[in-house]
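One structure is given below, encoded as structure tokens.
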Amino acid sequence: MEKERVHKTRVLVIPLPVQGHINPMLQFAKRLASKGLKVTMVTAFSNNEAMETQENSVEFEPISDRLEESNNIENMVKWFQSQVSKRLPELIVNQENNGYPISCLVYDSAMPWILDLAKGLGISGASFFTHSCAVASIYYNLHQGLLKVPLEEPLVSLAGLPPLKAHDLPSFVYDPGSYPSFLKLVISRFSNVTEADWIFFSSFDSLEKEVISWMRTLWPIKTIGPTIPSIYLDKRLKEDTDYGFGRFNPNTDTCMKWLDSKEEASVVYISFGSMADLGKEQMEELAEGLKMIKNNFLWVIRESEVEKLPSKFLEETSVKGLVLNWCPQLEVLAHRSTGCFVTHCGWNSTLEAVSLGVPMVVMPQWTDQTTNAKFVSDVWNVGLRVEVNQNGIVPKEEIELCIREVTQGERGKDIKRNSVKWRELAKEAVDEGGSSDKNIEEFVAQLLCKPC
């Protein structure tokens, strides 16, 4: 009877339709499915990459035939809200008619209006934060009026956090005029968070111990990360080898064969994610800095960004460098040849590097990346943060210096030791009986206590 009850308990997962939000929530969905729950993930449109995944433990439900094209995140969220509001009641009724009533709706914290929909339909709601607890704490203090913008002091002191300078705070906070719609969006997630039945974070207890302890005085939060595929951590989910969007890409073979040919820890991997947009001057400085280093390098550059490279750069660095427009990042970070990760410090990339024990050189660009960089360099001590000049540019000399220090310098030795330590702690968190695993088990047990 209990086994049947687990099998019939269905959870609906709704991420913001942006890759950096989809990936961690899909990993959580896989973890829930491994506990015997039925899990459905809502996708933005029927031709979504998720529909082509080889992942079969999670079902996918499109809410539209097409994704509304927009460069404005606020407009995209409004479109998604209209689609979900229209389709969600129908989806829930269909599941109930099929004998699998929805027990809980796990929604991206960036869309707090989904909780109101869930409550209106008599369903439990769980808010899922795709950034760090530290960043959530900053936004919460802003929402409560305990932190004001524009900033009034050069140094900010908040409970559970180290002292933060202006550029250690999210860009929405230290430069609110540049991103007014984003600032409104990130603050709005706290409008009804206390009404959520569960609050999940893609983090783990030992990584953010102080701020998590403080946040638990406010909310019953559950850390369920690091949310990366099982094969790289506990290895309990044998089929969980990627994020579930691993369609064939010809760059994969090229990339991995090139890495196989290099010596251990000799490669510097550079990637700034799918959204960061480096200006032409910064791209040129980065390129010149890479020419100066002795290491081999693998640089992932979006096709639209290649034109910003200096002329003849590819030709001049062909012996030691490989430039691609895509690579399997987790495989690259886990490869024996990779010794350093130059990153924008997005939360997913940061967790991946921490979990795989790869030292970092961090070049944050915007949003929460600046706060993540503070923790990488000054709290966890697993990387170096570059310094920008008076024009906001990281010069080639600084790039070369930081890479050299991480890969060959004295401080680099400490960074490597700390990287190994955090890799083991990340694995412990998701191992059977680890803090993250216990939190997921508790969530499943609590769901089973609720009436179907």
Side-chain angles (χ1 to χ4, degrees), residues 2-17 19-63 91-92 94-96 98-108 123-124 126 128 130 198 200 202 222 224-248 328 330-331 334 348 351-352 355 427 429-434 436-448 452:
E2 185 65 18
K3 187 175 181 180
E4 181 181 351
R5 182 173 172 78
V6 173
H7 182 68
K8 283 187 173 292
T9 300
R10 183 180 290 276
V11 175
L12 198 64
V13 178
I14 308 182
L16 190 72
Q19 204 65 56
H21 290 242
I22 293 171
N23 285 349
M25 295 190 74
L26 176 57
Q27 288 308 120
F28 182 51
K30 291 180 189 177
R31 288 283 178 177
L32 294 180
S34 75
K35 306 294 183 183
L37 302 182
K38 301 287 286 184
V39 184
T40 297
M41 190 165 183
V42 172
T43 62
F45 66 111
S46 58
N47 196 34
N48 194 284
E49 282 183 299
M51 304 304 293
E52 301 177 32
T53 180
Q54 297 303 306
E55 169 61 42
N56 54 22
S57 64
V58 177
E59 297 178 7
F60 297 92
E61 183 69 35
I63 54 106
L91 193 160
I92 289 171
N94 288 342
Q95 295 293 342
E96 189 166 349
N98 290 333
Y100 296 101
I102 304 296
S103 299
C104 180
L105 202 159
V106 180
Y107 65 94
D108 195 312
I123 297 173
S124 298
F128 190 108
T130 57
W198 296 276
F200 297 115
S202 178
K222 292 183 182 293
I224 47 79
T227 44
I228 71 172
S230 176
I231 194 67
Y232 298 100
L233 292 170
D234 59 301
K235 297 179 171 55
R236 280 188 288 158
L237 309 184
K238 301 301 182 185
E239 303 298 318
D240 187 17
T241 59
D242 59 35
Y243 282 119
F245 298 90
R247 296 184 300 172
F248 173 74
L330 282 164
E331 290 185 54
N348 289 338
L351 274 182
E352 289 166 8
S355 300
K427 183 179 181 299
V430 296
D431 275 342
E432 190 167 7
S436 295
D437 188 61
K438 281 182 180 179
N439 286 334
I440 294 174
E441 290 278 7
E442 287 174 6
F443 171 59
V444 172
Q446 290 165 2
L447 270 187
L448 296 181
C452 285

- Item | Spacing of T241 atom OG1 and L330 atom CG [to the nearest 0.5 Å] |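 CG of L330 is found 10.0 Å from OG1 of T241.
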- What distance do L12 atom CG and Q95 atom CD have between them, rounded to the nearest 0.5 Å?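 Atom-to-atom, L12:CG and Q95:CD are 7.5 Å apart.
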Does any non-hydrogen side-chain atom of [Y] lie less than 4.5 Å from one of [X]?
| X | Y | result |
| --- | --- | --- |
| I228 | Q27 | no |
| V430 | R31 | yes |
| E59 | K38 | yes |
| T43 | P62 | yes |

Nearest heavy-atom pair of [X] and [Y]: which atoms, and what distance?
| X | Y | value |
| --- | --- | --- |
| I123 | L105 | CG2-N, 3.9 Å |
| V42 | P15 | O-CD, 3.5 Å |
| T130 | P24 | CG2-CG, 4.0 Å |

- Message: Quiz question: by atom type and distance under 3.5 Å, do the side chains of N23 and Q19 form a donor-acceptor pair?
- Response: yes
- Is it the case that S103 and T9 place a side-chain donor and acceptor less than 3.5 Å from each other?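 No, because no side-chain N or O of S103 sits under 3.5 Å from a partner of the opposite role on T9.
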- Query: Only one of L447, I92, I102 clears side chain to side chain contact (heavy atoms under 4.5 Å, CB included) with R10; which?
  - Reply: I102
- Partners meeting ring pair (Phe, Tyr, Trp, His ring centres under 6.0 Å) with Y107 (sequence neighbours left out):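 Ring pair (Phe, Tyr, Trp, His ring centres under 6.0 Å) list for Y107, sorted by chain: empty.
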- Item | Full working for side chain to side chain contact (heavy atoms under 4.5 Å, CB included) between V58 and K30 | CA-CA 6 Å; V58 177; K30 291 180 189 177; 4.2 Å; yes
- Item | Pair F128-I224, side chain to side chain contact (heavy atoms under 4.5 Å, CB included): steps then yes or no | CA-CA 10 Å; F128 190 108; I224 47 79; 3.6 Å; yes
- Task: Would you please classify the geometry between the F443 ring and the F200 ring as parallel, tilted or perpendicular, with 30° and 60° separating the classes?
- Result: perpendicular
- Message: Counting only heavy atoms not in E442 (residues, nucleotides, ligands), do more than 12 fall under 6.0 Å from its CD?
- Response: yes
